[in-house]
Amino acid sequence: MRGTERARGTRRARDDRSAPAVGVATYNLYLGADLEPLFSAGSPAELTERAGEAYAAMEATDFRERAAALAAVLAARAPEVVGLQEAARWEKGPAGGELTVRYDFLRLLLDALAARGTPYRAVVAHDNVTGRMPVSAAEDARFTDRDVIVVRAGPPAARPRTAHATAAAYDARATLPSAVPGLSFEVPRGYAAVDVTVRGAAFRFATTHLEAYGAPEVRAAQARELAAALAGSPHPVVLAGDLNSPPTDTAGPYGILAGAGYTDAWTAAGGDPDGGWTAGRSGPLPADGALSHRIDHVLYGPGGPRAVAAEVVGDADADRSKPAGHWPSDHAGVVAVLRLGAGR
């Protein structure tokens with residue numbers, strides 16, 4: 001991983017350089033709109049109106065421009081492996097007819113990274129919630145939410161090797177009631193994982209986006225499923241994702257994973273347990289909404305890794321897009337450097 005440090009956002013622990021280092025990251029890309037108003041629509045007509053507003057809001061946040069800002073943030077650090085959440089795909093077309101892809105966030109981000117001379121490739125993705133609905137009397141749209149793992153591309157001798165890619169859905173899922181009679185919203189979620197080998201050291205990398213809208217019990221059940229699924233890995237595990245769970249959530253995902261033996265790279269590298277905020281920004285992305293809590297994490301299990309640096313990224317004014325001045329996302333990302341085979 002390369003790049004400069006910002007003293008405000010980078011934390012480093014003592015590093016004996018006795019084992020291979022790997023840069024890993026998590027970034028929630030922001031799907032582009034707030035979908036919660038859909039759940040409280042009181043009629044099919046109001047649902048169509050709100051869906052149209054959501055689609056227009058997504059276009060206004062301009063992921064093509066945001067992708068360039070995200071690529072600049074990631075390329076400056078160039079982690080070998082990145083877990084992406086809300087790597088959305090939006091399609092649109094005539095009502096009842098064939099839809100075409102209008103915005104593929106993953107493709108746009110990969111193209112922006114390649115344009116900066118820091119190419120990545122997607123190795124595994126998991127489709128979470130997807131759904132089609134009218135956005136006007138004449139048009140339908142479909143939204144698909146994805147968790148994706150991307151790794152550095154480039155010459156074979158330098159790029160990470162990957163194997164045993166897996167994507168799976170959780171049994172636990174939220175079903176959200178609607179004010180429209182006979183309608184509810186089911187929110188499936190899951191995880192993606194892959195074995196990665198960097199400079200001779202192997203580890204299992206996973207990413208997930210745990211439940212955001214449903215009851216806390218659903219999110220906790222998903223975390224237990226994930227811990228059980230990763231427990232069988234023959235390699236040390238690195239988990240990077242949006243857990244929707246701060247460090248104070250001792251009964252939720254953060255506490256469940258800590259109880260399963262996972263270490264928080266931010267605090268292990270010397271970060272302030274009450275700092276390193278990654279979420280809380282709301283409203284239009286050019287607005288000055290403040291980050292207020294930490295729910296995006298890089299965690300690692302026992303058996304090898306040790307965090308030597310961690311940084312919150314995408315949270316500085318200099319990271320905003322040009323010319324509109326959007327934040328790269330409504331979340332900040334987290335980039336960590338881990339020594340493999342160096343203990344906790």
Side-chain angles (χ1 to χ4, degrees), residues 24-28 81 83-86 124 126 128-129 145 147 149 166-176 186-194 203-269 271-280 292-307 310 312 331-334 336 338 343-344:
V24 299
T26 183
Y27 221 130
N28 180 322
V81 193
L84 304 172
Q85 306 86 46
E86 297 192 19
V124 59
H126 183 268
N128 296 309
V129 63
D145 174 43
D147 299 328
I149 297 172
T166 302
Y170 298 123
D171 292 332
R173 60 179 60 181
T175 300
L176 308 177
E186 190 171 62
V187 188
R189 295 185 186 269
Y191 69 93
V194 67
F203 61 100
R204 185 79 167 159
F205 184 90
T207 195
T208 191
H209 186 185
L210 299 184
E211 182 52 49
Y213 302 117
E217 293 78 11
V218 174
R219 191 159 50 243
Q222 291 172 347
R224 285 190 288 269
E225 287 186 53
L226 180 59
L230 297 176
S233 172
H235 304 299
V237 175
V238 176
L239 170 59
D242 178 353
L243 304 184
N244 277 304
S245 179
T248 54
D249 187 17
T250 56
Y254 190 94
I256 289 166
L257 291 163
Y262 283 83
T263 298
D264 184 340
W266 173 257
T267 53
D272 181 355
D274 298 321
W277 292 339
T278 63
S292 59
H293 52 288
R294 184 163 69 92
I295 59 175
D296 303 86
H297 305 285
V298 174
L299 309 177
Y300 54 91
R306 181 172 63 85
V312 174
H331 285 238
V334 180
L338 308 179
R344 287 167 70 95

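Nothing fancy with the numbering, it's 1 onward along the sequence. Just so it is clear, the structure is predicted and the values come from calculations on it, not from any experiment.
Of all heavy-atom pairs spanning Pro305 and Leu338, the tightest one is CB-CD1, 4.4 Å. Ile149 approaches Ala206 most closely through the heavy-atom pair CD1-CA, 4.3 Å. When all heavy atoms of Ala25 and Ala240 are compared, the closest pair comes out as O-CB, 3.7 Å. In plain terms, the two heavy atoms of Thr278 and Arg294 that are nearest each other are OG1-CA, 3.8 Å. Counting all heavy atoms, side chain and backbone alike, Thr263 lies closest to Ala268 at CG2-CB, 3.8 Å. Contact between Val124 and Ala167 at its shortest, heavy atoms only, is CG2-CB, 4.1 Å.
Neither side chain, His126 nor Asp147, offers a donor N or O lying under 3.5 Å from an acceptor on the other.
Each of Asn128, Thr207, Asp145 was evaluated against Gln85; a single residue qualifies, Thr207, per the side chain to side chain donor-acceptor pair (under 3.5 Å) test.
With rounding to the nearest 0.5 Å, the separation of NE2 in His297 from CG in Leu243 is 5.0 Å. Put simply, CG on Asp242 and OG1 on Thr208 are 9.0 Å apart, with the number rounded to the nearest 0.5 Å.
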Handout entry: side-chain contact (heavy atoms from CB on, under 4.5 Å) assessment of Val238 paired with Val81
Key = CA-CA 10 Å; Val238 176; Val81 193; over 6 Å; no
Problem - Ile295/Asn244 under side-chain contact (heavy atoms from CB on, under 4.5 Å): CA gap, chis, key distance, verdict - result: CA-CA 5 Å; Ile295 59 175; Asn244 277 304; 3.5 Å; yes
Handout entry: Val237 vs Tyr262, side-chain contact (heavy atoms from CB on, under 4.5 Å): CA-CA, chis, key distance, verdict
Key = CA-CA 9 Å; Val237 175; Tyr262 283 83; 3.4 Å; yes
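Side-chain atoms of Leu226 and Tyr170, non-hydrogen and from C-beta on, do get closer than 4.5 Å to each other.
With hydrogens and angles ignored, the 3.5 Å screen pairs a side-chain donor or acceptor of Tyr300 with a backbone N or O of Ala307. The closest donor-acceptor contact from the side chain of Arg219 to the backbone of Glu211 lies under 3.5 Å. When atom types are taken as modelled, the side chain of Trp266 and the backbone of Asp272 share a donor-acceptor pair closer than 3.5 angstrom. Between the Glu225 side chain and the Asp171 main chain, a donor and an acceptor come within less than 3.5 Å of each other. In terms of modelled atom types and a separation under 3.5 Å, the side chain of Ser233 and the main chain of Arg204 share no donor-acceptor contact.
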Please output the side-chain donor-acceptor pairs of residues 246-261 that fall under 3.5 Å, not counting sequence neighbours, one pair per line with the distance.
residue, atom, partner, partner atom, Å
Asp249, OD1, Gly252, N, 3.1
Asp249, OD2, Ser245, OG, 2.7
Tyr254, OH, Asp264, OD2, 2.6

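For the side chain to side chain donor-acceptor pair (under 3.5 Å) test, residues two or more places apart in sequence or in another chain that qualify with Glu86 are Asn28.
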